[in-house]
J.: 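Structure provided below as structure tokens; questions to follow.
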Amino acid sequence: MADMCAFRDAVSGWAGGGPGGPANDLAVHLGVRTVVLLEGPSDHAAVEALAARRGRDLAAEGVCVLPMGGAMCVGRYAGLLGPPGLGLRLAGLCDEGEQRFYERGLARAGVPYAGFFVCVTDLEDELIRTLGTARTEEIVRAEGDLRAWQTFLRQPAQHGRPRHQQLRRFLGTKKGRKIRYGRLLVEALGPEQVPAPLDGLLLSL
């Protein structure tokens, strides 16, 4: 049976210059009503983890969570999936530094900006600041990454940097680490600790 992964793959192929027919057919078959546009897979992992914590099956609700591969892709995806294309509702997260790309891309596609929520630096930074550096370091230790973390801290470039910035940078130093910790940090949040952009996004879906 076709699933949301197949739809994501079809949309990515379409955005890369392939045909749009498969994405359109799957959107109808799966009852897709909303696409959540995210910059990358770590954001995807965090959104899916929070949805699971709240007992929601986004795919069953007709919501596709789609990492685009970068903020500058938003105009392309909005044009394919929004009013000029499949006519789906769009929502998402963006980083404050990339907000202008989202504003321009969404405006060109006629997509309302109201469904998009802004992280000050990025979602990892939001999660680390919400949890606190001590709790985040506990998670790093529990995951068996203490030695790698200690080695990272000895790098001259990290000397004197605020702890939350060091942690944020550490998560991006190994392939797959940001994705894994995107899920783990969300799972460690208390009920009242969910960062406002992430909470707002889930409540809007």
Side-chain angles (χ1 to χ4, degrees), residues 3-127 130 182 186 194-205:
D3 58 15
M4 215 52 95
C5 290
F7 176 68
R8 278 195 294 269
D9 290 344
V11 171
S12 296
W14 189 13
N24 181 70
D25 292 345
L26 283 166
V28 173
H29 179 69
L30 296 170
V32 180
R33 60 176 180 83
T34 300
V35 177
V36 180
L37 298 178
L38 302 172
E39 290 190 29
S42 62
D43 296 339
H44 183 186
V47 170
E48 293 280 13
L50 182 59
R53 278 191 56 172
R54 293 181 173 177
R56 296 183 61 180
D57 182 342
L58 295 181
E61 296 176 22
V63 177
C64 175
V65 183
L66 195 158
M68 300 179 293
M72 288 183 286
C73 299
V74 67
R76 174 68 172 158
Y77 279 88
L80 297 178
L81 300 171
L86 299 187
L88 302 173
R89 175 178 176 260
L90 302 182
L93 291 172
C94 73
D95 302 340
E96 191 173 66
E98 314 293 352
Q99 192 171 356
R100 65 190 184 279
F101 295 117
Y102 277 71
E103 290 173 345
R104 289 201 295 264
L106 296 174
R108 284 197 302 269
V111 175
Y113 190 71
F116 288 78
F117 298 82
V118 181
C119 299
V120 174
T121 300
D122 56 23
L123 184 54
E124 288 79 23
D125 183 72
E126 296 273 356
L127 291 167
T130 299
V186 167
V194 180
L198 184 57
D199 188 46
L201 174 64
L202 262 289
L203 290 174
S204 75
L205 299 177

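Hydrogens, waters and symmetry mates are skipped; everything else that's a heavy atom, side chains included, is used.
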J.: Say you draw a straight line from OG1 of Thr34 to CG of Leu81; how long is it, rounded to the nearest 0.5 Å?
T.: 11.0 Å
J.: To the nearest 0.5 Å, what is the distance between CZ on Arg8 and CG on Asp3?
T.: 8.0 Å
J.: Does any part of the side chain of Val47, heavy atoms only, come nearer than 4.5 Å to the side chain of Leu202, both counted from C-beta?
T.: yes
J.: At their closest point, which heavy atom of Ala78 faces which heavy atom of Pro84, and how far apart are they?
T.: O-CD, 4.2 Å
J.: Does the side chain to side chain contact (heavy atoms under 4.5 Å, CB included) test come out yes or no for Glu39 and Asp122, once each step is laid out?
T.: CA-CA 10 Å; Glu39 290 190 29; Asp122 56 23; over 6 Å; no
J.: Quick one, Asn24 and Trp14 - any side-chain contact, counting heavy atoms below 4.5 Å?
T.: no
J.: Between Leu203 and Phe117, does a side chain to side chain contact (heavy atoms under 4.5 Å, CB included) hold up when you go through it step by step?
T.: CA-CA 11 Å; Leu203 290 174; Phe117 298 82; over 6 Å; no
J.: Given side chain to side chain contact (heavy atoms under 4.5 Å, CB included), test Arg89 with Val63 step by step and report yes or no.
T.: CA-CA 9 Å; Arg89 175 178 176 260; Val63 177; over 6 Å; no
J.: Applying side chain to side chain contact (heavy atoms under 4.5 Å, CB included), run through Met4 and Val32 and close with a yes or a no.
T.: CA-CA 9 Å; Met4 215 52 95; Val32 180; 3.8 Å; yes
J.: Between Ala23 and Phe7, what is the shortest heavy-atom contact and its length?
T.: O-CE1, 3.3 Å
J.: State the CG-CG distance between Leu50 and Leu201, to the nearest 0.5 angstrom.
T.: 9.0 Å
J.: Any side-chain heavy-atom pair from Phe116 and Pro197 closer than 4.5 angstrom?
T.: no
J.: List the atom of Ala109, the atom of Pro83, and the distance in Å for their closest heavy-atom pair.
T.: O-CD, 3.5 Å
J.: Which heavy atom of Pro195 sits nearest a heavy atom of Thr130, and at what distance?
T.: CG-OG1, 3.5 Å
J.: Distance check, rounded to the nearest 0.5 Å: Tyr102 atom OH versus Leu37 atom CG?
T.: 7.0 Å
J.: How close do Val186 and Arg53 get, heavy atom to heavy atom, and via which atoms?
T.: O-NH1, 2.8 Å
J.: CD of Glu98 to CG of Leu93: how many Å apart, nearest 0.5 Å?
T.: 13.0 Å
J.: Check each of Asp43, Val118, Leu123 against Cys94 using the side chain to side chain contact (heavy atoms under 4.5 Å, CB included) test, and report the only one that passes.
T.: Val118
J.: Keeping the roles fixed (side chain from Arg56, backbone from Glu61), state whether a donor-acceptor pair exists under 3.5 Å.
T.: no
J.: Counting distance only, does the side-chain N/O of Arg33 pair as donor-acceptor with the main-chain N or O of Gly62 below 3.5 Å?
T.: no
J.: Treating Asp25 as the side-chain partner and Val28 as the backbone partner, does any N or O pair qualify as donor plus acceptor under 3.5 Å?
T.: no
J.: As an exercise, state the distance from NE2 of His44 to CE of Met68, rounded to the nearest 0.5 Å.
T.: 13.0 Å
J.: Which atom pair, heavy atoms only, marks the closest approach of Gly182 to Leu127?
T.: O-CD1, 4.3 Å
